[in-house]
2 protein chains.
Amino acid sequence: MGYPLSIYPRAPRDHRRLVLDLIHESRDGTTRAEIARSLELSRSAVSGLVDDLLHTGLVRELDKRQTRAGRRPIGLEINASAGQIVGVDVGATHIRAILADIAGRPLAELSTSFDVRVGPEKTLAEVRRLVERVMRDGESSLGRVRSIGVGVPGPVISEQGMVLAAPIMPGWTEYPIRHTLEATWERPVVVHNDANLGALGEWTYGAGRRCPNLVFVKVGTGIGMGMILGGRLHEGQVGAAGEIGHLTLVENGPLCSCGNRGCLEALAGGGAIARQARELVRQGQRTHLSTLASIDRLSARDVAEAAAQGDHLAQQLFAQAGEYIGIALAGVMNMLNPGVVVIGGGVAQSGDLLLEPIRAQIRKRSLQAGVLTSQVTSASLGLRSSALGAVAAALSLCFDHVIAHSAAGLTASATEGR
Amino acid sequence: MGYPLSIYPRAPRDHRRLVLDLIHESRDGTTRAEIARSLELSRSAVSGLVDDLLHTGLVRELDKRQTRAGRRPIGLEINASAGQIVGVDVGATHIRAILADIAGRPLAELSTSFDVRVGPEKTLAEVRRLVERVMRDGESSLGRVRSIGVGVPGPVISEQGMVLAAPIMPGWTEYPIRHTLEATWERPVVVHNDANLGALGEWTYGAGRRCPNLVFVKVGTGIGMGMILGGRLHEGQVGAAGEIGHLTLVENGPLCSCGNRGCLEALAGGGAIARQARELVRQGQRTHLSTLASIDRLSARDVAEAAAQGDHLAQQLFAQAGEYIGIALAGVMNMLNPGVVVIGGGVAQSGDLLLEPIRAQIRKRSLQAGVLTSQVTSASLGLRSSALGAVAAALSLCFDHVIAHSAAGLTASATEGR
DNA sequence: CAGTAATTGTTATGTAACTGGACAAATCAG
DNA sequence: CTGATTTGTCCAGTTACATAACAATTACTG
């Protein structure tokens, strides 16, 4: 339990873990002296900590490194060959898996269409298949993978690794996701909400990196939100935070999958855009979309492509969706005053088409003070925000394990074998 | 900067401060063994820490304490005579000051009507006068007061102790509030947003005590919100979080002081209720309010009194305000999934009249998962939430100082004198 | 009522994790 | 080549803990 006014002048911490984080953060390596400065520790202390990390095999020394003056420092970096990580993003209509080395660099990536409503058993079987395949593609194997992160499109109690009660995930309630996967893979597994992982992914590798107050909005089939507040992921009391998709924006608006009417998701989600497009085509509106083979299977992606090719009606659909999202986000800005708002997910791939109306509504409806210090950008990781967030979460879990076990005298012998 | 996935199995901490907090938390005293259990430290370690605290004079031993079996433990409590604290709540239309002993128990209280729009100099002069008076009322003096907390009705960068840019506080922008007050009182001062302090007050002493995800809504002349998320006060990137009063709820609704139309504050704030009542009276609606002397000065308090006496029109005004607040809070529930929502401020003193419509709208518009695990209550500290939050903040500051200086070998000699 | 188990607080003793100072190694600027 | 600068290491001392043993005190049990 934290204390609401954290004025601890210099909080004491688990230094080994922090040193590992710093080495991981610095893409092109760091040095003992640099670490000592940023953690405000003595160089001698850092030397000892780094020695321990070198013994785990997770960290290695670089040959050389240029500098200004003085003795040539010894570079430090994560030993990429010390193991691998898998991140999985289970969306409502797709699954994506990324294999990365333990330094966080992607090695292979796969995605497939899928419907999460078939229930947990079939979905997790598909997840296992995809993870097998992505490991093969990356010329790896389970033996070299140290931990696995999984994102699912519903409220997750990450501590327990299960879904509480998701509207779009019937049958998942209290299914022990993490437990099941840990049993099959015999590796530490971390399960999170997909939007939360998107926030973590963009915070770690993407737009607004390391910004202590970051909001990530995943605009896909549905609309979800993940938040990093005060430098920490905010999951809410029971993991149900970020359910922005079911804000009521229009009284007696279109019916939503949650049973209510006029929800943001029913107005601006990918499903809503596709539905609106189908209706307009059926009404005989002039649009390129009419030329598509099967109007019944028209998807948000089709609308996006038409919009990119200049179709006016398709563009209007996106603009309207952006307006609704902007109205909701104006509220978010006023309430949370984030430093960065990142728009991701499938629908957001259309870029400014969606972003500009969002920005306009925020400017119009939010208080100046908050807006001036915030920026609204699209996800710099594209569709991979959540999957890379899963990598980041799994990486963090792996680091935790290494630190915990290195204290017991064990070195990283588990995954040495090639 | 925190790390978003805090899976540190047991975070290392400043133990002396935590022991002090635990002693402060336990109203009827605690013991060394209890502290050892809750901090997961050895009894011998706690003994040492407690010894240091006893030397500061801030903690004292109690004579006796009954127990189940075993040796009779020695009680520990905050030494209430070691000093005093003042908390000040500057609202838009009032100032309230509370003198408390260092254990957090109120000793004296005062409030006065005031208009914050007269600017910082005059307001701070009034604050100084009120603090003088409340100290006299409590038979105290500045010499015995260790620190002072002040809440102001605008976005505050608490680290700098100044207001960024408040709509209702012209002339306050970047005025060095904390600096000025520290210079006059020669005591540590902490400045926060008033709604944030309300959240802190209810978290510390009131409803939903110690709930790690608490939302406090201050419904007074305006409407503000304070949040404790993940056990810590969320202030946002530049202290502008919680500005819930200017969410747009009704397109082209009534004009708000912020320049937009249809803001929550313009629909459900105390000012809005009074305005609506005046309009209805002028229209000749049947209501007890018409009997009041001056209709031009009719206030929300008058409407509340009429409602309490059964006036139907007045009750309807409150019900409608509650509905609007409930709509906004339904969004808050979905987004933040708090454990407790506390409704405070002047207008909220009407209790269920306002609360029931709020609860109804939340039930109607929020997702089940979040609502079932949350409770919506009125502020158990009444109008004193913010002022007592200021006491809590000042207390925390005082504790920090004592801990920091006790390390340097100084004992608490500064305020020993009676 | 004696005996036993339970509980608290204190006392040594040992260990991990740091600081601070001294120092050698390595580099650059003149 | 010399001096200033920077890095990493080594060593002595300090702090903050744990662990274990112990004395003091209490409730319960037969």
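Just so it is clear, the structure is predicted and the values come from calculations on it, not from any experiment. Computation of the quantities below employed the complete heavy-atom set of this structure, encompassing side-chain atoms and omitting hydrogens, waters and symmetry-equivalent molecules. To find a chain, count down the sequence lines: A is the first, B the second, and so on, and within it residues start at 1.
- Look at CD1 on B:I74: it is 13 Å from C1' on C:dT7, rounded to the nearest Å.
- Look at CG on B:L39: it is 15 Å from P on D:dA16, rounded to the nearest Å.
- The separation between B:L41 atom CG and C:dT8 atom P is 15 Å, rounded to whole Å.
- Following rounding to the nearest Å, B:L49 (CG) and D:dA18 (P) show an atom-to-atom distance of 9 Å.
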Would you tabulate the nitrogen or oxygen pairs shorter than 3.5 Å linking the protein to nucleotides 21-25 of chain D?
from, atom 1, to, atom 2, distance (Å)
D:dT25, O2, B:R71, N, 2.7

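- If you measure from atom CD of A:E40 to atom C1' of C:dG20, you get 16 Å, rounded to the nearest angstrom.
- Per the geometry, CG belonging to A:D14 stands 15 Å off P belonging to D:dC17, to the nearest Å.
- With contacts defined as side-chain heavy-atom distances shorter than 4.5 Å, the pair A:H55/A:V50 does not qualify.
- For B:D101, there are no side chain to side chain donor-acceptor pair (under 3.5 Å) partners at least two apart in sequence or on another chain.
- Rounded to whole Å, atom P of C:dT8 lies 12 Å from atom CD1 of B:I35.
- OP1 or OP2 of D:dT9 sits under 4.0 Å from a side-chain N or O of A:R32.
- Nearest-nucleotide assignment on DNA chain D puts the 5′-proximal partner with A:A33, out of A:A33 and B:S42.
- For B:E61, the CD atom counts as densely surrounded, since its 6.0 Å shell holds more than 12 non-hydrogen atoms of other residues, nucleotides or ligands.
- Protein atom CG of B:D52 is 13 Å distant from nucleotide atom C1' of D:dC17, rounded to whole Å.
- At a threshold of 4.5 Å between non-hydrogen side-chain atoms, the residues A:I85 and A:L99 do not count as touching.
- You'll find that the side chain of B:R16 is closest to D:dA16, out of D:dA16, D:dG8, C:dG9.
- Note that the SG atom of A:C211 and the CD1 atom of A:I228 stand 9.0 Å from one another [nearest 0.5 Å].
- In terms of phosphate contacts, A:S47 brings a side-chain nitrogen or oxygen within less than 4.0 Å of OP1 or OP2 of D:dT9.
- For a distance-only test at 3.5 Å, the side chain of B:S44 qualifies as a donor-acceptor partner of the base of D:dT19.
- Side-chain contact between A:L62 and A:L76: absent, with no pair of heavy atoms (C-beta onward) separated by less than 4.5 Å.
- Taking CZ of A:R17 as the reference point, atom OG of A:S396 lies at 4.0 Å (rounded to 0.5 Å).
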